[in-house]
Amino acid sequence: MSWKILINDGMEESGVNALKSLGFEVDTQKIPQEDLPHKLQEYHGIIVRSATKVRKELIDVCPGLKFIARGGVGMDNIDVSYARDKGIAVINTPAASSRSVAELAMAHLLSTTRGLQDANRQFSGGDQFSALKKKWSSCSEIQNKTLLLLGFGRIGSELAKMATAMGMHVIVNDPFVEKANLKIKLGFQEVDIELPMVSREEGLTKADYVSLHAPFTGSALLGKNEFAIMKKGCFVINTSRGENIDEDALLHALDAGIVSAAGLDVFQNEPHIKEALIQHPKICTSAHIGASTMEAQERIAGELVEKINELFKSKSL
Ligand code: NAD
C-alpha cells in the first residue's frame with residue numbers, strides 16, 4: 001500500500017509531480033489549522049513550510065502518521081522530539097536554500113551601504129531627485145571593509161565566499177566552530193583560505209558590517225550591550241531569526257548614529273512588524289524571503305521527494 005500525503009503549505013510543482021509519479025497519493029489543497037486534528041488522520045505524511053503547526057496535540061490524534069516533512073530549515077513549528085519519540089520521522093532540507101539566503105544577505109548589505117531603501121521610497125524627479133542625490137552622495141564602498149559573521153554554518157560560510165571575493169575582510173564568531181576554513185572559486189581557480197576567528201566582543205568593536213547567521217537559542221545576539229560596544233557607523237544585516245536582534249535596542253542604535261543602517265529579512269513577531277521598523281529610513285526590509293528563489297524551492301522539493309521515497313522504502317521492508 002502506498003502513502004497518502006498532505007502538502008499543506010505548498011510545494012514546487014516538480015516535487016508534487018515527482019511524488020505522484022512514485023505512486024504516492026498527494027493532496028495539495030490547504031486544510032486550515034483548526035481542521036487538521038480531524039482531517040490529518042487520513043494521511044500517512046504531512047509536508048509543511050513554516051505556516052502549519054504540527055504540535056503534540058495534533059500528533060496525538062494522528063496515530064497513522066509516518067512522517068512530518070519541513071521544506072526548509074527551521075522546525076520551530078513542529079514538536080520534533082515528541083514526534084520522533086512516537087516513531088514518526090521528521091525530515092527537513094537544511095542545505096537547499098543556503099545560497100539563496102546568503103545572496104539576500106549580500107543584497108541587504110549592498111542596499112544599505114548605498115541607501116537604496118531610502119532612495120526607492122523617496123524617489124522622484126525634480127527637486128527631490130537633487131535632494132536625494134545630495135543626501136546619498138557620501139557613501140562608501142564595501143571593498144576592504146570588515147564583515148563580522150555571527151554564525152559560520154551553511155549560510156554564513158556561503159556569504160563569506162561572496163564577501164571575500166568582493167574584497168571584504170571577513171572575520172568569524174562561532175563558539176561551535178574550531179576553524180573557519182573556506183574554499184572559494186575565483187575564476188578557474190579554487191583557493192583555500194582560513195578566516196580569522198574572534199570573540200563576539202572583539203568582532204563588534206572591529207566590524208564595519210555585522211551579519212547574523214546563527215539560530216535563536218533563547219537570547220538575542222545583538223541587544224543593548226552589544227550595540228554599546230559596536231564600532232560607530234556599523235551596518236547590521238539579519239537574515240537569521242528576528243529574535244536574534246532586540247528591535248528596540250536596534251532602533252535606538254540607529255537613531256543614535258551607532259548603526260548606519262540595517263537590512264532585515266526577519267522580525268521578532270512576524271507577521272506583526274513594528275511600524276517604527278517599517279517606516280525607518282535607515283532600515284531595508286524584506287518579508288522573510290531568504291529561501292524564496294526558484295532554485296531553492298526546486299532543490300527543497302527534490303530533496304524532500306528523495307527523502308520521503310527512501311523513508312517509504314525503508315518502512316515497507
Ligand atoms: P547552520 O546550522 O548551518 O549554522 C548556524 C551556525 O551558527 C552554526 O555553525 C552554529 O555553530 C552557529 N551558532 C550557534 N549559536 C551561535 C552563537 N551564539 N553565536 C555564533 N554562532 C552560533 O544554519 P544555517 O542553515 O546557516 O542557518 C542560519 C540561520 O538562518 C538560522 O537561524 C536559520 O533559521 C536562518 N534561515 C533563514 C532563512 C530566511 O528565509 N531568512 C532561511 C533559512 C535559514
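Just so we're clear, the structure is a prediction, and the values are computed from it rather than from any experiment. First listed ligand is number 1; within each ligand, the first listed atom is number 1. We use all heavy atoms of the structure for the numbers below, so side chains are in, but hydrogens, waters and symmetry mates are not.
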*Asks:* Measure from the side-chain N and O atoms of His213 to the backbone N and O of Phe152, and report whether any donor-acceptor pair falls under 3.5 Å.
*Replies:* no
*Asks:* Among Arg49, Glu13, Glu12, find the residue that satisfies the side-chain hydrogen bond (donor to acceptor under 3.5 Å, both in side chains) test when tested with Gln297.
*Replies:* Arg49
*Asks:* Heavy-atom pairs closer than 4.0 Å: do any link ligand 1 to the side chain of Asp174, the backbone, both, or neither?
*Replies:* both
*Asks:* Going by the atom numbers of ligand 1, which of them fall below 4.0 Å from some non-hydrogen atom of Pro215?
*Replies:* 5 (C), 7 (O), 14 (C), 32 (O)
*Asks:* Sequence neighbours left out, what passes side-chain hydrogen bond (donor to acceptor under 3.5 Å, both in side chains) with Lys53? Give chain and number order.
*Replies:* none
*Asks:* Could you check atom 20 (C) of ligand 1 against the protein and tell me its nearest heavy-atom contact, residue, atom and distance included?
*Replies:* Pro175 CD, 3.4 Å
*Asks:* How about Tyr209 and Ile142: do any of their side-chain heavy atoms sit closer than 4.5 Å?
*Replies:* yes
*Asks:* Do the side chain of Asn173 and the main chain of Leu150 share a donor and acceptor less than 3.5 angstrom apart?
*Replies:* no
*Asks:* At under 4.0 Å between heavy atoms, which part of Arg154 makes contact with ligand 1: side chain, backbone, both or neither?
*Replies:* both
*Asks:* Looking only at heavy atoms of Ala291, does any of them come nearer than 4.0 Å to an atom of ligand 1?
*Replies:* yes
*Asks:* Give the residue, atom name and distance (to 0.1 Å) of the protein heavy atom nearest atom 15 (N) of ligand 1.
*Replies:* Phe176 CE1, 3.5 Å
*Asks:* From atom 31 (C) of ligand 1, work out which of Gly74, Ala296, Ala214 has a heavy atom at the shortest distance.
*Replies:* Ala214
*Asks:* Out of Val236, Val198, Asp208, Thr205, which residue meets the side-chain contact (heavy atoms from CB on, under 4.5 Å) rule with Leu148?
*Replies:* Val198
*Asks:* Below a 4.0 angstrom heavy-atom separation, can you tell me which part of Phe152, side chain or backbone, both or neither, approaches ligand 1?
*Replies:* backbone
*Asks:* Students should be able to answer this: which protein heavy-atom is nearest to atom 4 (O) of ligand 1, and at what distance?
*Replies:* Gly153 CA, 3.2 Å
*Asks:* Would you call Arg299-Glu295 a salt bridge at under 4.0 Å N-O?
*Replies:* no
*Asks:* Residue-level breakdown please: for Leu104 versus ligand 1, do any non-hydrogen atoms fall below 4.0 Å on the side chain, on the backbone, on both, or on neither?
*Replies:* neither
*Asks:* May I ask you to list the atoms of ligand 1 that are less than 4.0 angstrom from any heavy atom of Val101?
*Replies:* 38 (C), 42 (C), 43 (C)
*Asks:* Go through ligand 1 atom by atom and flag the ones less than 4.0 Å from a non-hydrogen atom of Val73.
*Replies:* 43 (C), 44 (C)
*Asks:* With atoms numbered from 1 as shown, which atoms in ligand 1 lie under 4.0 angstrom from a non-hydrogen atom of His288?
*Replies:* 39 (C), 40 (O), 41 (N)
*Asks:* Which residue is it: Ile59, Thr52, Leu58? I am looking for the one with a side-chain contact (heavy atoms from CB on, under 4.5 Å) to Ile68.
*Replies:* Ile59
*Asks:* Show me the side-chain donor-acceptor pairs of residues 286-293 shorter than 3.5 Å, one per line, residues at least two apart or across chains.
*Replies:*
{"residue": "Ser286", "atom": "OG", "partner": "His108", "partner atom": "NE2", "Å": "2.9"}
{"residue": "Ser286", "atom": "OG", "partner": "Asp265", "partner atom": "OD1", "Å": "2.7"}
{"residue": "His288", "atom": "ND1", "partner": "Glu270", "partner atom": "OE1", "Å": "2.8"}
{"residue": "His288", "atom": "ND1", "partner": "Glu270", "partner atom": "OE2", "Å": "3.3"}
{"residue": "Thr293", "atom": "OG1", "partner": "Ser100", "partner atom": "OG", "Å": "2.7"}
{"residue": "Thr293", "atom": "OG1", "partner": "Ala296", "partner atom": "N", "Å": "3.0"}

*Asks:* Atoms of ligand 1 less than 4.0 Å from Arg241 heavy atoms?
*Replies:* 32 (O), 34 (O)
*Asks:* Could you tell me the residue and atom name of the protein heavy atom closest to atom 35 (C) of ligand 1, and the distance to it rounded to 0.1 Å?
*Replies:* Ser240 O, 3.5 Å
*Asks:* Geometry only, no angles: is Leu150 polar-contacting ligand 1 at N/O separations under 3.5 Å?
*Replies:* no
*Asks:* If you measure every N or O of Gly290 against every N or O of ligand 1, does any of those distances drop under 3.5 Å?
*Replies:* yes
*Asks:* I want to confirm something. Looking only at heavy atoms, which of His213, Glu158, Glu243 is nearest to atom 5 (C) of ligand 1?
*Replies:* His213
*Asks:* Using the six-membered ring wherever Trp is involved, compare the ring planes of Phe67 and Trp3 and label them parallel, tilted or perpendicular (cut-offs 30° and 60°).
*Replies:* tilted
*Asks:* Before accepting this row, confirm whether a basic side-chain N of the pair Lys307/Glu303 lies closer than 4.0 Å to the acidic partner's carboxylate O.
*Replies:* yes
*Asks:* Of the protein's non-hydrogen atoms, which lies at the shortest distance from atom 26 (O) of ligand 1, and what is that distance?
*Replies:* Ile155 N, 2.9 Å
*Asks:* For the pair Lys313 and Glu310, find out whether any cationic side-chain nitrogen is under 4.0 Å from an anionic carboxylate oxygen.
*Replies:* no
*Asks:* For Lys282, is there an ion pair with Asp118 - N to carboxylate O distance below 4.0 angstrom?
*Replies:* no
*Asks:* Determine, using heavy atoms of Leu221 and all atoms of ligand 1, whether some pair is separated by less than 4.0 Å.
*Replies:* yes
*Asks:* Among Asp265, Thr93, Val172, Thr239, whose heavy atom sits nearest atom 36 (N) of ligand 1?
*Replies:* Thr239
